[in-house]
Amino acid sequence: MHIAVVGLSHRTAPVEIREKLSIPEQNMKISLKTLTGNEQVLEASILSTCNRLEIYTLVRNQEKGIFAVKDFLSSHSGLPQEELNPHLFTFNQEEAVSHLMRVAAGLDSLVLGEGQILSQVKKMVRLGQEYQSMGPILNRLLTQAVSTGKRVRSETNLGTGAVSISSAAVELAQLKLGQAQGLDELVSLESEKVAVVGAGRMSRLLLQHLQAKGCSGVTLLNRTLKRAEGLAADFPDMRIDCRLLDQLNNALVTSSLVFTSTAAEEPIIDASRLKTISINGSLRLIDIGVPRNISADVEAMPGVESHDVDDLQEVVSRNQEARQQIALQAESLLNEEGRLFLEWWESLEAVPTINKLRASLESIRSEELMKALSRMGPDFSARERKVVEALSKGIINKILHTPVTKLRAPQTRSERQQALLAVETLFALDNSDQQDD
Ligand SMILES: NC(=O)c1ccc[n+]([C@@H]2O[C@H](COP(=O)([O-])OP(=O)(O)OC[C@H]3O[C@@H](n4cnc5c(N)ncnc54)[C@H](OP(=O)(O)O)[C@@H]3O)[C@@H](O)[C@H]2O)c1
């Protein structure tokens with residue numbers, strides 16, 4: 001059995017490819033079912049975020065299992081393998097474990113150390129458990145990745161500074177505004193007329209960062225007005241004008257800066273919409289949705305400047321150096337967590353022998369107990385029988401304790417195999433199997 005991850009991320013694929021692979025939560029159940037329906041895939045879980053789609057699996061055969069996952073990705077995205085494969089990465093065994101630990105810690109994120117990825121890894125665990133696509137191996141691996149993500153954030157400074165895609169989006173707006181004024185620096189957004197489309201988690205973070213960067217008023221548009229109003233209520237010091245999404249055109253006319261962060265699967269702003277309105281001066285659009293909320297065709301519109309999630313790279317690389325230093329602090333912790341998982345995974349090799357040894361001793365114990373009890377005759381009370389039975393079980397458990405601990409303890413593969421062979425030979429474990437048959 002092999003652990004493998006196949007996927008793509010902002011490092012290997014542009015947003016126009018990533019959005020084709022994205023799997024919304026409502027499609028997770030069927031996707032996991034399709035994957036585990038393949039005889040090669042024993043366990044599976046899917047991490048789908050704006051910057052990555054990764055499928056973690058336990059496969060029967062490495063080559064065939066990975067092929068099955070790639071085949072799934074191709075048919076799910078509608079992209080032929082030859083178009084998709086150059087964007088995919090594959091990691092096996094130790095590398096897959098190490099990759100997951102890095103992802104959970106935020107070290108593989110566009111915004112180094114961002115916190116949302118940990119909630120997304122937790123969601124992957126929850127969905128895998130709910131839809132029963134994970135067994136003991138992935139369960140252990142992913143649960144350990146979540147605790148590693150938490151450890152990294154509590155034991156290093158990586159999580160400090162409230163970094164997120166949303167904070168980078170606000171910084172990109174500041175940078176672009178500065179560049180329009182001939183400055184290569186982040187400038188205040190105080191004079192901007194800002195609209196935010198969407199009222200979910202990312203919009204909440206957008207509002208927090210907009211407020212922190214001097215923006216005092218925002219038009220907040222959402223499909224559901226109540227949710228926008230609920231979000232606005234959490235920002236009592238900001239003027240937030242809540243509108244239904246059907247007033248989007250009006251907001252586009254009156255705004256100079258518009259952020260979009262909805263989970264819509266199709267663009268909600270495109271050139272044909274913009275052609276029907278008269279843009280007041282210039283309009284800067286920043287879209288952090290994946291799939292994108294703003295169609296690429298708006299770039300041809302005069303007076304419109306549009307950026308998607310991949311454009312955040314420009315602002316992210318400006319302050320990445322300091323964070324890289326902090327990321328180094330996390331590396332040894334990640335190595336330690338990865339090693340602990342691998343030790344546990346390797347120790348599983350001893351389980352069949354331990355089970356056989358336990359079964360063999362148990363059969364001797366119960367046979368000898370029966371003989372002894374029958375010799376004692378009816379004078380032996382039920383309580384005395386129980387004491388003798390407990391004594392026999394206690395002796396077996398004590399005998400087993402040391403060899404079981406030693407067989408499962410960290411050691412090289414050849415050391416463990418030698419020890420397993422010795423136990424099987426000395427206790428004639430394979431022979432006893434045959435006798436049972
Ligand atoms: N979470 C992250 O870390 C992260 C990071 C970067 C980018 N993103 C991207 O940002 C977007 C929003 O993510 P989120 O985590 O904030 O999501 P979320 O908390 O689930 O909120 C979803 C938002 O999208 C709206 N929405 C859903 N379907 C819609 C549709 N068909 N038409 C119009 N509005 C629709 C919802 O409106 P209602 O209130 O009416 O349901 C809600 O405002 C996604 O595209 C995601 O990929 C997320």
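Computed over heavy atoms, backbone and side chain alike; hydrogens, waters and symmetry mates excluded. Atoms within a ligand are numbered from 1 in the order they appear, just like the ligands themselves.
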Subject >> More than 12 heavy atoms of other groups within 6.0 Å of Gln26 CD >> reply: yes
Original post:
In terms of the angle between their ring planes, are Phe341 and Trp344 parallel, tilted or perpendicular, with boundaries placed at 30° and 60°?
Top reply: tilted
Original post:
What protein heavy atom is closest to atom 42 (C) of ligand 1, reported as residue, atom name and distance in Å?
Top reply: Arg227 NH1, 3.5 Å
Original post:
Against heavy atoms of Gly198, which atoms of ligand 1 measure under 4.0 Å?
Top reply: 43 (O)
Subject >> Minimum-distance protein heavy atom relative to atom 32 (N) of ligand 1 >> reply: Ala264 CB, 3.6 Å
Subject >> Closest protein heavy atom (residue, atom, distance) for atom 24 (O) of ligand 1 >> reply: Ala263 N, 2.8 Å
Subject >> Shortest heavy-atom approach to atom 48 (C) of ligand 1 - which of Met202, Arg223, Glu266 >> reply: Met202
**OP:** Determine whether more than 12 heavy atoms belonging to other residues, nucleotides or ligands lie under 6.0 Å from atom CD of Glu16.
**Re:** yes
Subject >> Where Ile286 and Ala169 come nearest, the two heavy atoms and their spacing >> reply: CD1-O, 3.8 Å
Subject >> Polar atom proximity, Gly289 to ligand 1 (N or O, under 3.5 Å) >> reply: no
Subject >> Identity and distance of the protein heavy atom lying nearest atom 7 (C) of ligand 1 >> reply: Ile288 O, 3.0 Å
**OP:** List the closest protein heavy-atom neighbour of atom 21 (O) of ligand 1: residue, atom name, distance to the nearest 0.1 Å.
**Re:** Gly200 CA, 3.4 Å
Original post:
When you measure from atom 18 (P) of ligand 1 to every protein heavy atom, which one gives the shortest distance, and what is it?
Top reply: Arg201 NH2, 3.6 Å
**OP:** Determine, using heavy atoms of Asn222 and all atoms of ligand 1, whether some pair is separated by less than 4.0 Å.
**Re:** yes
**OP:** Return the option from Leu205, Thr262, Ile268 holding the heavy atom at the smallest distance from atom 45 (O) of ligand 1.
**Re:** Thr262
Original post:
Is the number of heavy atoms from other residues, nucleotides or ligands within 6.0 Å of CD (Gln132) greater than 12?
Top reply: no
Original post:
Can you list the atoms of ligand 1 that are under 4.0 Å from a heavy atom of Gln120?
Top reply: 1 (N), 2 (C), 3 (O)
Original post:
Are there more than 12 heavy atoms of other residues, nucleotides or ligands under 6.0 Å from atom CD of Glu266?
Top reply: no
**OP:** For side chain to side chain donor-acceptor pair (under 3.5 Å), just list the numbers for Ser164 and Glu114, CA-CA rounded to whole Å, side-chain angles, deciding distance to a tenth of an Å, and then say yes or no.
**Re:** CA-CA 5 Å; Ser164 65; Glu114 52 97 11; over 6 Å; no
**OP:** For Leu245, take its heavy atoms, then give the atoms of ligand 1 lying under 4.0 Å from any of them.
**Re:** 33 (C)
Subject >> Top protein contact for atom 40 (O) of ligand 1, by heavy-atom distance >> reply: Thr224 OG1, 2.4 Å
**OP:** Give the numbers and elements of all ligand 1 atoms closer than 4.0 Å to a heavy atom of Gln116.
**Re:** 3 (O)
**OP:** Indicate whether any N or O donor in one side chain lies under 3.5 Å from an N or O acceptor in the other, for Thr260 and Asp287.
**Re:** yes
Subject >> Atoms in ligand 1 flagged as close to Ala199, the criterion being non-hydrogen separation under 4.0 Å >> reply: 43 (O)
Subject >> Heavy-atom proximity to atom 6 (C) of ligand 1, best of Ser261, Ala228, Cys50, Ser22 >> reply: Cys50
Subject >> For Thr36 against Ser133, the heavy-atom pair lying closest together >> reply: CG2-O, 3.8 Å
Subject >> Closest protein heavy atom (residue, atom, distance) for atom 47 (O) of ligand 1 >> reply: Val290 O, 3.0 Å
**OP:** Would you name the heavy atoms of Ala68 and Val41 that are closest together and state the gap between them?
**Re:** CB-CG2, 4.4 Å
Original post:
In terms of the angle between their ring planes, are His99 and Tyr56 parallel, tilted or perpendicular, with boundaries placed at 30° and 60°?
Top reply: parallel
